[in-house]
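The structure appears below as structure tokens.
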Amino acid sequence: MLRILFITCKLKNKMKKVICICASMFLLSTFGALAQGEMDAYKFSQYDISGTARYMSMGGAFGALGGDISSMRTNPAGLGIYRSSEVLTTMSLSSVKAKTNWVGTKMDDSKTKFNFDNIAYVGYFPTGNDEGVIGWNVGFAYNREKSFDRQYRMGRGSGGYSLSDYIAAVTNRTGATGNQLNITDSNDPYQSQNWLSVMGYNIYMIDSKDQSKGGNFFSQFGQYNNKGTWENWPVQTSDLYVRERGSIDKYDFSFATNISNKIFLGAGLAVTDITYRMNSSYDEDFGIATNSTQTKSDHLFMDNYSSVDGTGYGFNLGVIARPSDYLRVGVAYNSPTWYKLTNYYNAEGGTRIHDFFTDKNGNKTDLDATTHTGDNVYTDYKMHSPDRWIFSVAGILGQTALISVDYELTNYKNMRLYNYAGDAMMDDNSYIKSDFMSSGMLKAGAEIKFTPQFAFRLGGAWQSTSMKDDTKNGLVEIATAGTRTAYTVDYHTTYYTAGIGYRFTPNFYTDLACVYRMQKENAYAFSNIFDNKGSVVVASDPAELKTNTFKVALTLGYKF
């Protein structure tokens, strides 16, 4: 039986008002009912190859090479290579194009943006010694570590499970009853229940066969057949739009020393700022055949907005050995970044179902319900990113050419989430340990000087996925944050880089870099759901998502 069939449109509007009022009252308490997600932790642990144009054009392979201000973000010992002071800045123009293929339906979207990527200073202080400590170097650099800017769309035709099926399955698992989810003057379920379940139930996206019992929720988009069995209506179209903005900005303070031109030691402190904005819109239409010539289209939507702001700190240690004039070897350790973050979020959902209400005279009216979680809902939490080891080797061919290779090893199983009091989020951390693994990134670059003034550079990088096969192939459930259900699963990222450098005078120079970045992911509107035997309860077909970024960067530098 559909619940509360006798509700009139007037009462329906009152119900929507009650929902907003109750949610707003809850916001004032800032009760942290919404957990953070493992995919958020992963997103905020990533970085791009960015920095000076010379650094980017050689694929970021400067761990053993040094002599570039951007090297201190990974191996601060690279500062010890400097024999003069330097100031520089870098600007870039990026074009980001995202292509999706969702069960045969292809879409694409693009975005272009100008960025101020880098500004830095290196100070060189010689000791006057020919042996021992020859000099000291200090450095400060601002780098845009990662840009989140992109937008993508994915759409499909008929088939597949509905978001309402997903919400019903999640709600059944919690054991909540319809009475517990129903918003009344005396009951505010936002304080104790899953928010997605509360929204879905109070806008009739899901229904309960018995409001006093848990585990019997089902999608409202359907009808009883002649045998009294509930049958879901088919999903005719599904559409998801996601827009992301923001960046990870890093401020490095480093120092290094040169010991007899054989050993270079460095250490640095990094302060990192995160600014992230995401809004998404998800829609589904259902076709309901009423006769041979007419169909009615019922509809649901779920819109989400999320913003994350915070600051973290970490440290870097590194060493470069120079056993000969032709060879350099480097090792560096980058600590985790310990963050304090604040996540603001809100969501709006709605449904339209034809002939939903029946009054006492047998007249039918449509349901058109919406609800909103309200504004200024936030959660304060902490996280730390994984630590990283960098192993590097570089060959120097006099003043004519050089080649450099870096290998970075990052164990993403070491990501951790904590509440604001510092207590571990046990469930989320358990998901991280079971779904992620170590990931490697191989970077290589070369430079040839055709004249003392003009240099050509070439490079590339390849990063493997950090997700286990079951995670990558959609064989495990993914815990998302709050009322958001959409997420992406990373496969691999490839960089192709090239650039040139020209020295106008012994002091003033400019570098130009071109970077082509290709990232492959799977995008899900919501997660697969499995029962305790591993059988699929709700299946979610992913869309292939390819994000291609073309970036042109210009660095202006002055040595003194």
Side-chain angles (χ1 to χ4, degrees), residues 22-46 148 170-171 173-176 180-181 188-199 246 248 270-278 304-315 335-347 373-387 410-436 466-467 471 476-487 527:
C22 290
S24 298
M25 291 174 61
F26 167 73
L27 304 181
L28 299 177
S29 69
T30 64
F31 181 80
L34 300 181
Q36 301 309 310
E38 55 182 317
M39 292 303 175
D40 282 355
Y42 178 66
K43 183 186 297 291
F44 301 143
S45 297
Q46 300 296 293
F148 294 115
V170 169
T171 307
R173 181 175 292 171
T174 67
Q180 292 171 328
L181 295 176
D188 180 6
Y190 280 103
Q191 295 193 22
S192 58
Q193 303 296 329
N194 180 289
W195 283 29
L196 198 58
S197 300
V198 174
M199 294 182 67
I248 299 178
V271 178
T272 307
D273 287 337
I274 289 180
T275 302
Y276 177 71
R277 305 288 183 266
M278 187 283 302
N304 277 279
Y305 172 80
S306 178
S307 70
V308 178
D309 295 278
T311 301
Y313 64 90
F315 64 88
S335 79
T337 301
W338 290 272
Y339 288 105
K340 289 184 178 180
L341 302 168
T342 299
N343 185 189
Y344 281 88
Y345 36 77
N346 61 64
T373 59
D375 299 321
N376 299 318
V377 186
Y378 69 90
T379 298
D380 290 323
Y381 69 102
K382 300 177 182 180
M383 69 162 278
H384 73 68
S385 64
D387 54 359
T410 308
N411 189 356
Y412 287 92
K413 291 178 66 173
N414 291 337
M415 298 183 296
R416 291 294 182 269
L417 291 165
Y418 306 88
N419 63 25
Y420 192 71
D423 300 321
M425 297 180 181
M426 301 302 294
D427 289 341
D428 290 308
N429 292 335
S430 176
Y431 298 146
I432 288 172
K433 288 189 285 186
S434 63
D435 293 343
F436 289 88
S466 62
M467 299 179 180
T471 311
V476 297
E477 294 181 28
I478 298 299
T480 51
T483 57
R484 288 180 287 151
T485 60
Y487 64 93
S527 176

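Residue numbers run from 1 in the order of the sequence given.
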> Which of parallel (below 30°), tilted (30 to 60°) and perpendicular (above 60°) describes Phe148 and Tyr276?
Replying inline: perpendicular
>> Under a 3.5 Å threshold, yes or no: a donor from one side chain and an acceptor from the other, between Tyr345 and Thr379?
In response: yes
> In Å and rounded to the nearest 0.5 Å, what is the OG1 to OH distance from Thr342 to Tyr420?
Replying inline: 7.5 Å
>> Tell me the closest heavy-atom pair linking Leu341 and Gly310, and the distance in Å.
In response: CD2-CA, 3.6 Å
> Between Trp195 and Tyr190, is there a donor-acceptor pair closer than 3.5 Å when you use the side chain of the first and the backbone of the second?
Replying inline: yes
> Do Met278 and Lys43 touch side chain to side chain, with heavy atoms closer than 4.5 Å?
Replying inline: no
> How far apart are the C-alpha atoms of Phe44 and Tyr339, what are their side-chain angles, what is the distance that settles it, and do they pass the ring-ring contact (aromatic ring centres under 6.0 Å, His included) test?
Replying inline: CA-CA 10 Å; Phe44 301 143; Tyr339 288 105; 7.6 Å; no
> Can you find a pair of side-chain heavy atoms, one from Thr485 and one from Leu196, that are under 4.5 Å apart?
Replying inline: yes
> Are Tyr431 and Glu477 close enough that some pair of their side-chain heavy atoms sits under 4.5 Å apart?
Replying inline: no
> Roughly how far, to the nearest 0.5 Å, is the CE atom of Met199 from the CG atom of Leu181?
Replying inline: 13.0 Å
>> Does either side chain, that of Thr311 or that of Asp273, offer a donor lying less than 3.5 Å from an acceptor on the other one?
In response: yes
> For the residue pair Pro336 and His384, what are the closest heavy atoms and their distance?
Replying inline: CB-ND1, 3.9 Å
> Are any non-hydrogen side-chain atoms of Thr471 and Ile478 less than 4.5 angstrom apart?
Replying inline: yes
>> Donor-acceptor pair, distance only, cut-off 3.5 Å: does the side chain of Asp435 make one with the backbone of Met467?
In response: no
>> Side chains of Asn346 and Thr373: any donor to acceptor distance under 3.5 Å?
In response: no
> What distance do Ser197 atom OG and Arg173 atom CZ have between them, rounded to the nearest 0.5 Å?
Replying inline: 11.0 Å
>> Does the plane of the ring in Tyr42 sit parallel, tilted or perpendicular to the ring in Phe436? Use 30° and 60° as the thresholds.
In response: tilted
>> Could you report the tightest heavy-atom contact between Asn343 and Ser307, atom names first, then the distance?
In response: ND2-O, 2.9 Å
>> I need the Lys340 NZ to Ile274 CD1 distance, nearest 0.5 Å.
In response: 14.5 Å
>> Are Ile248 and Thr272 packed together at the side-chain level, in the sense that at least one heavy-atom pair is separated by less than 4.5 angstrom?
In response: yes
> Can you name the closest pair of heavy atoms from Tyr418 and Ala424 and give their distance?
Replying inline: CD2-CA, 3.5 Å
> For Val476 and Ser527, which heavy atoms make the closest approach, and how far apart are they?
Replying inline: O-OG, 4.2 Å
> Salt bridge between Arg277 and Asp309, side-chain N to carboxylate O under 4.0 Å?
Replying inline: yes
> Side-chain contact, heavy-atom cut-off 4.5 Å: Met425 with Lys382?
Replying inline: no
>> If you define the side chain from C-beta out and look only at heavy atoms, does anything of Leu417 sit under 4.5 Å from Met383?
In response: yes
> Any idea which heavy atoms bring Ser45 and Pro386 closest together, and the distance?
Replying inline: OG-CD, 3.4 Å
>> Please check: side-chain N/O of Thr337 versus main-chain N/O of Ser385, any donor-acceptor pairing under 3.5 Å?
In response: no
>> One pair to check against side chain to side chain contact (heavy atoms under 4.5 Å, CB included): Arg484 and Asp40. What are the steps and the verdict?
In response: CA-CA 11 Å; Arg484 288 180 287 151; Asp40 282 355; 2.8 Å; yes
> Out of curiosity, Thr410 OG1 to Asp387 CG, how far, rounded to the nearest 0.5 Å?
Replying inline: 8.0 Å
> Between atom CE of Met39 and atom CD1 of Ile432, what is the distance when rounded to the nearest 0.5 Å?
Replying inline: 10.0 Å
